[in-house]
Amino acid sequence: MEALDQLLLACHAQSINLFVESFLKMVSKLLESRDPDLQILGSTSFVKFTNIEEDTPSYHRRYDFFVSKFSAMAHNNNQAPDVRIKVRVAGLRGLQGVVKKTSSDELQVNIWDKVHMDKIVPSLLYNMHDEDSPSPSPSDDTQHASQHQDTTRPTTVAETCLRDLVCRAAFGSIKSVLKPALCHLDNHQLWVPNRFAVKCFKIIMYSMQSQYSHVAIQSLLSHLDDHTRDSARIKASIVGVLRETVSIAAAGSIGPSVLEVFNTLLRHLRLSIDYQLTGRRGSQGSVHKQPINEEEEKLFQEAIITTVGAFATILPDYQKIEIMMFIMGKVPIPPQDGGHNMLSATGVQGEEGNLLLQNMLLKSLHQVALAYTSVSMTTTFTSTAFLDPLLRVSLVADVRVRLIVQQILHTLIDRHGNCEKLEKIRIPKYINDLDLKVEKCSRQDLAFMRKHGPQFYSMLYENLLQHDNSDENFHAIYCTMALLCVELGGEDVLVELLRLTLGLQEIACKPQEENDLSTPHICKLHAVLAAYLNLISQLTAIPALCQHVTQVLETRKQEAPYFLPETTFLEGDSLEQVTLPDPVNTNLLFHQNAINEAMASSGHEVSRLSQPFVPLRSDFPSQSRYSMDVQSINIEMDQVDTPGRERKHPGEEITFETLKKTLTEKTPDAEDDEARRREVVEKFQNAPFEEIAAHSEARSQQLNNKLNEIMDMVSKPSVDASGRVVSLSGPFQVKSVPVYEMQFPDLCVY
């Protein structure tokens, strides 16, 4: 073999094909031997051969035997550890040589065929996961010795071979590597725990070209579909590998079908909720259904939610908006009549199933919102198909769902990092202590609030009056109100927020026999409004408003500390023992007249402040101030009411059918026009050519005569009875000049 190796190296490129067949036959004989030393020798010689670059192609050379033999050597189970390691390393290097020799030459055997990849990839993964391989000895004190020992380990060699294999794979060959890898993880039950699976896919992702990353993501999603009926632990591990894979993928490499990726994840989320509700796993028509572990299903659901967020981070912002709209379309929405009988997308009826689905889908939406960078409200809420359902879901019965919706709004409205500074209800002595970043509201945002502001105000109004609000809900609603003031606080918005605050105070001050709110709820509502008005007064820096708010707060500290957030949200259950004054002392309340005068002193328009706040109906997102029923359009002319004059109403109701009939019916004038049109057409179709030409010539002559008359009137001056020249435009005397003799500037002449 030493002589053959020397001859191989001495061969020139043109004549090497004459010698290769004899050389490979000798290598095959060595590999067929049972002597490990001869197998290692044959592998070493083959590796030397693969390092030689050939210029002339070989049409008949095949490597099937070498792939099979090297794969068998990579699985060697010799009793002697040293021999086993050497044989495995020799087999792995032989596989690497086969890939190197054949992957770049299209005329060679196609190494990416399934029959070859099913042997090569499992051989590499088997050695990467083999725990029997001895690790480098810690007693080695020289770096050279440790590096040499590391390169002779099957685990290290297998990793190097896998990186080389994936690096050489083209777009059409990536799946040939991924599918055997996934099957190997299934066959050897290596998904739980998923440390090894994560390691393998990290190697694959870092080795392949970045533009092919979406192929690995799609393969993992398809593999997750194949494991739909498996345990939640296995699916959670696959989703965990998917999350780690996405974090490595380049931006925008999620693939051509972005919505399909999220649709697959959300479908598994819905199925998991179905399994959790029924307690069994299996197809709908299956008789034998396996029991499930509820804790594992919850872990699987959390893994999907986290993965959705990881996917969103690599998408551009415009696609994140589409994803949020897509997820919102999957959320069960309460009916407009306020009922609770919803049908989830999974087909599971009942309030429990819908609440679970709402909770999980909104958590997924929150993860996408966290990855989104909000710039303008008109861009964020570009469609009412996203904003309207989101605001409607904020009024559902479940406390957790309402809290998640508020958190989503915080993420989308906050653009300057003010959310963390406003997430707790408190009354700072100086607003500068909060270190808020406030910028002037843009025109686009003002237009957005002018159009959709009533929906936000009504949502906040209804949320603050929910009987089962927890302290977290109050803090979240206050944060939303504060962000609207800080981020979108134009003049109109500020007035509407003050109207909202005064309207809520009026509800909280109702007599106890008319008020269905509990005592703790009333105290917390007063505390929220106090903190909010303090924030508005300090942000606007209107002296009269600040003085009024400060005076009320000082009075509450002395007489009613349970109306302040520092006391209300710390005492908790002790608020049940508080006896509220009935009616509430006016010194403890914020007065509308004082606020009106303060706002008017700073130049604000306060005409709307005197109007009581009236929220939209509970189905407000579906209503529009401009909506109308096309089938019954009634047009009525409003007349100015004058004394002694009755208002006239149209004698006939004008509806869509009446308008349609009017447009389609033919009038007598229309019939005459139609008859004249038919007469002209018949004349041109049947009359002789000479008659038509004479008729056209007569019309042309008539037009020429009329044109000449007009030109004469323009070119000749008008003369009155006394003989004076009179201008056509007035009684002044002018000197008339013919049009063709007038001198125009050069710039006016074309």
Side-chain angles (χ1 to χ4, degrees), residues 325 336 378 382-385 388 447 450-451 621-642 644-750:
M325 294 174 57
Q336 296 182 6
T378 53
T382 183
S383 172
T384 55
D388 292 354
R450 199 172 294 116
K451 181 178 181 181
S622 63
Q623 303 297 318
S624 174
R625 290 174 292 176
Y626 310 105
S627 62
M628 58 180 64
D629 186 2
V630 181
Q631 297 298 330
S632 58
I633 301 177
N634 295 324
I635 302 175
E636 181 178 339
M637 302 299 294
D638 293 335
Q639 297 179 354
V640 180
D641 293 333
T642 57
R645 182 176 180 180
E646 293 185 358
R647 192 172 186 177
K648 294 184 178 181
H649 297 275
E652 180 184 0
E653 183 180 10
I654 302 176
T655 62
F656 176 74
E657 295 297 333
T658 307
L659 295 175
K660 181 179 179 181
K661 183 178 180 181
T662 303
L663 292 174
T664 54
E665 284 184 348
K666 291 185 177 180
T667 62
D669 293 338
E671 293 179 356
D672 294 342
D673 293 340
E674 183 68 19
R676 284 195 296 269
R677 188 186 67 81
R678 285 197 301 267
E679 182 180 354
V680 172
V681 171
E682 291 177 358
K683 181 178 180 180
F684 275 86
Q685 288 179 346
N686 302 325
F689 176 76
E690 292 77 7
E691 182 180 348
I692 296 174
H695 178 72
S696 299
E697 186 177 357
R699 290 190 61 187
S700 299
Q701 187 64 34
Q702 184 180 0
L703 290 174
N704 288 333
N705 294 337
K706 184 63 66 175
L707 183 60
N708 291 332
E709 291 180 12
I710 296 173
M711 295 297 294
D712 291 339
M713 293 174 61
V714 173
S715 60
K716 295 179 181 179
S718 300
V719 181
D720 60 4
S722 61
R724 291 186 304 171
V725 178
V726 181
S727 172
L728 294 176
S729 59
F732 301 102
Q733 295 182 4
V734 296
K735 183 179 180 181
S736 177
V737 179
V739 176
Y740 52 85
E741 294 182 1
M742 291 182 180
Q743 297 295 326
F744 293 96
D746 293 339
L747 293 176
C748 299
V749 178
Y750 177 69

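Remember, predicted model here, so these are calculated numbers, not experimental data. When reading the values below, keep in mind they use all heavy atoms of this one structure, side chains included, and skip hydrogens, waters and symmetry mates.
With sequence neighbours left out, Glu691 forms a side chain to side chain contact (heavy atoms under 4.5 Å, CB included) with Lys683, Ala687, Pro688. With sequence neighbours excluded, no residue forms a side chain to side chain donor-acceptor pair (under 3.5 Å) with Asn686. Under the rule for a side chain to side chain donor-acceptor pair (under 3.5 Å), Ser383 has no partner lying at least two apart in sequence or in another chain.
In this structure, Arg677 CZ and Glu682 CD are separated by 10.0 Å, a value rounded to the nearest 0.5 Å. In this structure, CE in Met325 is found 8.5 Å from OG1 in Thr384, a value given to the nearest 0.5 Å. One finds the CG atom of Asn708 at 6.5 Å from the CG atom of Asn704 (value rounded to the nearest 0.5 Å).
Between Asp673 and Arg676, the closest side-chain pair of non-hydrogen atoms falls below 4.5 Å.
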